[in-house]
Protein chains: 2
Amino acid sequence: MQLTKKVEQAICIIVLLATQESSAPLASDEISKRLGVSPSYMKKITRKLVVQGIAVSVSGNNGGVSLAKSVDDISMLDIIEAMEGPIQMYPDTGLISLAFHDGKYAKRGQNILRNVFAQGDNLLIEYFSKVSAGDLLKEGFGVENLPTLNWNQESLSDVLPWEQGDDK
Amino acid sequence: MQLTKKVEQAICIIVLLATQESSAPLASDEISKRLGVSPSYMKKITRKLVVQGIAVSVSGNNGGVSLAKSVDDISMLDIIEAMEGPIQMYPDTGLISLAFHDGKYAKRGQNILRNVFAQGDNLLIEYFSKVSAGDLLKEGFGVENLPTLNWNQESLSDVLPWEQGDDK
DNA sequence: ACTTTATGGATATAATTTATCCATAATGGA
DNA sequence: TCCATTATGGATAAATTATATCCATAAAGT
């Protein structure tokens, strides 16, 4: 019942893209350095964001990835589903049919369980669809208008001098 | 974001124990046959139920496993947590600290995310804690008082002749 | 004592996640 | 047009986790 690491990686990518100067796409190779994975792997991840419709990409010189829409229109659900596909908790390997020889009660039981877990899915879907990346970012930065910079060249503390990290 | 197969296996075990004649513990070896896994593996699973307080076990001749309490007091949450431990969706590998060099905003972001996912956890915890095995079983069998039999020897259709499986 | 059953440690197997490499396509600039 | 840069997609490797088994031992009843 754990989300994969990909979700955490995707969240970091969203933060980078959300604070990226709107004009310039961010090269996935830059993101890969920052998250400590190979460029090729990072491209797999960003690709998922593109397929989901969260990001857009352009090839070539000065190409890269940028957000396809406002952070206010990107939900946690979008991000999770981009990485993991639809939320479905129940494994449903058909064990009940095996154990109870596919009788009447086996089928009823299976349906009941599917329903119980689908309701669990729906709780998460409803909740995460209402949590927007925009809200979290604004909360995190403590401002209404997110700072922007060019992550292809700079780092956050260039723009936010009160940042207390080891960023240079 | 999927529950493991163990949860499905545990559910089947609960069904067996819930319909087991109260006097006789059910041998885990019998359960293992029914669920198509090795006796030793099944003992690992039943052990988790015992540790969680859902079941009790006795060694020796005519020993086995039985429910520690009424099915009405066993929740889906109990079963899930018996198999998987506490519900915690967020992987939290510390990637944000790595990506943003552990600055002020990294820490804030991490806390915000932990909180967001913890709320998701809580939705599931609340929901599944209110779904009782008893309710599901009664719904499944369509009766208020569950049929009982000795799974050490018999099968369900001995007791429920309208069962439509290939059980003998 | 003997049989039956659970417990616990070590280990094997399978599946999934995480990640990389490489060949190719797209894009823009010199 | 050629070159450098960047994304795409297929194949595959490495790491982790889930699933499962074996075996030695302990507990309990007959």
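A note on names: the letters A, B, ... follow the listed sequences, proteins ahead of strands, and every chain is numbered from 1.
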How many whole angstroms separate atom [atom1] of [X] from atom [atom2] of [N]?
X: Lys5(B); N: dT13(C); atom1: NZ; atom2: P; answer: 17 Å
X: Lys33(A); N: dT6(D); atom1: NZ; atom2: C1'; answer: 13 Å
X: Glu30(B); N: dA6(C); atom1: CD; atom2: P; answer: 10 Å
X: Lys48(B); N: dT19(D); atom1: NZ; atom2: C1'; answer: 11 Å
X: Asp29(A); N: dA4(D); atom1: CG; atom2: C1'; answer: 13 Å
X: Ile80(A); N: dT17(C); atom1: CD1; atom2: P; answer: 15 Å
X: Ile45(B); N: dG8(C); atom1: CD1; atom2: C1'; answer: 15 Å
X: Met42(A); N: dT6(D); atom1: CE; atom2: P; answer: 15 Å

Using OP1 and OP2 only, check whether a side-chain N or O of Gln9(A) sits under 4.0 Å from dT18(C).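 No.
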Phosphate contact (dG9(D) OP1 or OP2) by Arg47(A) side-chain N/O below 4.0 Å: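 True: Arg47(A) side-chain N/O within range (under 4.0 Å) of dG9(D) OP1/OP2.
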Tell me whether Gln88(B) at atom CD has more than 12 heavy atoms from other residues, nucleotides or ligands lying less than 6.0 Å away.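 Not buried by this count: 12 neighbours or fewer within 6.0 Å.
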Of all the nucleotides listed ([options]), which has the minimum atom distance to the side chain of [X]?
X: Val50(B); options: dA7(D), dT7(C), dA6(C); value: dT7(C)
X: Lys6(B); options: dT8(D), dT20(C), dA18(D); value: dA18(D)
X: Ser57(B); options: dA20(D), dT18(C), dA6(C); value: dA6(C)
X: Lys43(B); options: dT19(D), dG9(D), dA6(C); value: dA6(C)

Will you find, in the side chains of Thr148(B) and Gln20(B), an N or O donor that is under 3.5 Å from an N or O acceptor?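 Distance-only check fails for Thr148(B) and Gln20(B).
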Is Thr46(B) touching bases, backbone alone, or none of the nucleic acid, heavy atoms closer than 4.0 Å?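 No contact.
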Partner set under side chain to side chain contact (heavy atoms under 4.5 Å, CB included) for Ser40(A), not counting sequence neighbours: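 Expected list: Ser38(A).
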Output every pair passing salt bridge (Lys or Arg N to Asp or Glu O under 4.0 Å) with a member in residues 50-72 of chain B, not counting sequence neighbours, ordered by first then second residue.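 The answer is Asp72(B)-Lys138(B).
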With sequence neighbours excluded, give me every salt bridge (Lys or Arg N to Asp or Glu O under 4.0 Å) pair touching residues 83-98 of chain A.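 The answer is Asp92(A)-Arg114(A).
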For Lys6(A), what residues pass the salt bridge (Lys or Arg N to Asp or Glu O under 4.0 Å) criterion, not counting sequence neighbours?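 Partners of Lys6(A) under the salt bridge (Lys or Arg N to Asp or Glu O under 4.0 Å) test: none.
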Anything under 3.5 Å between a protein N or O and an N or O of nucleotides 22-30 of chain D, put it in a table, one pair a line.
none

N/O donor to acceptor pairs below 3.5 angstrom from side-chain atoms of residues 42-49 of chain B, sequence neighbours left out:
| unit_1 | atom_1 | unit_2 | atom_2 | d |
| --- | --- | --- | --- | --- |
| Lys43(B) | NZ | Asp29(B) | OD1 | 2.9 |
| Thr46(B) | OG1 | Met42(B) | O | 3.2 |
| Thr46(B) | OG1 | Lys43(B) | O | 3.1 |

